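Data block below; observations after.
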Amino acid sequence: MRVLGIETSCDETGVAIYDDQQGLLANHIYSQVRLHAYYGGVVPELASRDHVRKTVPLIQAALSEAGLQAKDIDGVAYTAGPGLVSALMVGATVGSALAYAWRVPDIAVHHMEGHLLAPMLEANPPAFPFVALLVSGAHTQLIAVTGIGKYQLLGESIDDAAGEAFDKIAKLLGLNYPGGPLLSRIAQQGVAGRYIFPRPMTDRPGLNFSFSGLKTFAANTINAVARDAQTHADVARAFEDAVVDTLAIKCSRALDQTGLRRLVIAGGVSANQTLRTRIKEIIEQRGDKVFYPRPELCTDNGAMIAYVGMIRLPSCVKSQLTVTVRPRWSLEELTAVVT
Ligand SMILES: Nc1ncnc2c1ncn2[C@@H]1O[C@H](COP(=O)(O)OP(=O)(O)OP(=O)(O)O)[C@@H](O)[C@H]1O
Ligand SMILES: [Mg+2]
């Protein structure tokens with residue numbers, strides 16, 4: 001069985017084909033970063049127009065790379081939410097229309113379930129149950145995962161997501177959008193401990209996060225210090241260390257609270273090398289295990305959508321051409337899948 005997956009929830013057009021026997025047969029991604037960089041953030045109307053331009057050519061490229069034709073596809077999965085409504089509509093409309101024309105089921109996929117299950121595409125996937133930290137551009141959530149579709153929210157950010165905070169501080173440091181990876185790069189030259197930033201909400205019980213105060217603290221520091229490259233690197237280092245420590249403390253706490261011994265970290269910020277190394281050390285010191293997707297499957301991609309599509313294909317019916325997208329959608333609303 002083969003599923004075509006389409007991702008258009010924000011500023012990446014992703015298309016992939018997943019085969020239940022052979023794994024990923026194709027995985028194509030087109031990033032709109034250069035289009036939005038001029039504006040310092042994603043412009044929804046430009047995003048959806050660019051998805052319109054890129055989705056069908058990427059589908060053709062994926063089919064051709066995999067040496068497949070329409071008749072070889074058993075289902076079409078698309079991201080139905082959460083995300084930007086006009087961007088979601090593109091993938092949903094194309095996906096649903098193709099499924100209708102090909103007389104196969106269409107599968108409306110939850111973007112964060114895609115991120116959460118991305119480590120399942122790796123050679124040593126985690127077994128259930130586990131704790132998942134989803135850390136991306138719009139989400140910072142801790143979830144207890146007891147099976148596919150069995151998700152219990154343990155805690156989340158009460159304001160900014162970690163990725164959003166990375167991008168905003170990067171902007172104040174004069175870095176291009178999206179600044180998360182660029183901030184991380186200059187942080188490598190930074191001196192640890194020259195500036196020390198708070199670890200928000202770690203001094204009280206609970207699994208929620210808040211990054212807005214940390215962001216203000218970093219912004220005030222940037223306004224007060226010299227504007228040379230070394231100082232900027234030191235500030236970036238202090239900010240990255242504060243975010244990573246905060247996430248690590250809450251992950252350990254979530255494992256203690258649930259009694260679970262496996263941790264999955266996914267979403268765009270999990271591509272951060274400092275985060276990957278430091279949290280791995282901390283979790284392994286506890287005798288627990290941590291699982292990450294490879295960096296290119298941390299940020300948005302079609303592979304994770306095709307994978308979830310395959311898992312959910314048996315419960316889906318032939319496309320009726322009814323396109324529904326959900327810009328806001330809780331993971332806890334998903335139905336469980338028996339595997
Ligand atoms: N190496 C890195 N270090 C820090 N942040 C990073 C890194 N790589 C990517 N990011 C951040 O990850 C975010 C993008 O992740 P992703 O593509 O999963 O987000 P999104 O799809 O926009 O949001 P969501 O998945 O919550 O809907 C951006 O904020 C980006 O700066
Ligand atoms: Mg995402």
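It should be emphasised that the depicted structure is a prediction, and the values quoted were computed from it without experimental measurement. When a ligand or atom number is given, it counts from 1 through the structure's own listing order.
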Can you tell me which residue and heavy atom of the protein come closest to [atom], and the distance to 0.1 Å?
atom                    : value
atom 19 (O) of ligand 1 : G137 N, 3.1 Å
atom 27 (O) of ligand 1 : H111 CD2, 3.6 Å
atom 22 (O) of ligand 1 : C10 SG, 3.9 Å
atom 21 (O) of ligand 1 : D300 OD2, 2.6 Å
atom 8 (N) of ligand 1  : G268 O, 3.4 Å
atom 11 (C) of ligand 1 : V269 CG2, 3.9 Å
atom 26 (O) of ligand 1 : S136 OG, 2.5 Å

(request) Heavy-atom contacts with H115 under 4.0 Å: which atoms of ligand 1 show up? List them by number with element. (result)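 Near H115, the atoms of ligand 1 are 18 (O), 25 (O).
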(message) Could you tell me, atom by atom, which parts of ligand 1 come under 4.0 Å of a heavy atom of G163?
(response)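 Within the 4.0 Å cut-off of G163, ligand 1 contributes 29 (O).
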(message) Just checking F217 against F239, ring centres under 6.0 Å apart?
(response)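 No - the distance between ring centres of F217 and F239 does not fall below the 6.0 Å cut-off.
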Short N or O distance, [X] and ligand 1, threshold 3.5 Å exclusive:
X    : result
T299 : no
G180 : yes
M112 : no
F166 : no
G179 : no
D167 : yes
A138 : yes
S184 : no

(request) Examine ligand 1 and decide if any of its atoms is less than 4.0 Å from a heavy atom belonging to P181. (result)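 Right, P181 reaches ligand 1.
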Carboxylate-amine/guanidinium proximity below 4.0 Å for [X] and [Y]:
X    : Y    : value
D74  : R2   : no
E122 : R294 : yes
R262 : D288 : no
R326 : E333 : yes
D234 : R237 : no
D241 : R278 : yes

[X] [atom1]: over 12 foreign heavy atoms closer than 6.0 Å:
X    : atom1 : value
N124 : CG    : no
R185 : CZ    : no
Y100 : OH    : no

(request) Mind checking side-chain contact (heavy atoms from CB on, under 4.5 Å) for T55 and listing every partner two or more places apart, or none if nothing turns up? (result)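 side-chain contact (heavy atoms from CB on, under 4.5 Å) check on T55 returns I6, T8, T13, H51, I59, V90, V94.
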(request) Mind telling me whether Y195 and F197 have parallel, tilted or perpendicular rings, with 30° and 60° as the class edges? (result)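 Tilted: the ring planes of F197 and Y195 meet at 30° to 60°.
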(request) Could you tell me whether the side chain of I222 reaches within less than 4.5 Å of the side chain of R227, counting heavy atoms only? (result)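 Yes, their side chains come closer than 4.5 Å.
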(request) For residues F128 and T146, determine if any side-chain heavy atom of one lies less than 4.5 Å from a side-chain heavy atom of the other. (result)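 Side chain of F128 against side chain of T146, heavy atoms only: no contact under 4.5 Å found.
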(request) Flag this pair as yes if the NZ/CZ of K171 is under 6.0 angstrom from the six-membered ring centre of Y177 and inside a 45 degree cone about the axis; otherwise no. (result)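 Relative to the ring axis of Y177, which defines the angle, K171 lies outside at least one limit.
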(request) Between N272 and ligand 1, find which residue part has any heavy-atom pair under 4.0 Å and reply side chain, backbone, both or neither. (result)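 Near ligand 1, N272 shows its backbone as well as its side chain.
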(message) For the Mg ion (ligand 2), what is the number of protein N, O or S atoms at a distance under 2.8 Å?
(response)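 Of the protein's nitrogen, oxygen and sulfur atoms, 3 lie under 2.8 Å from the Mg ion (ligand 2).
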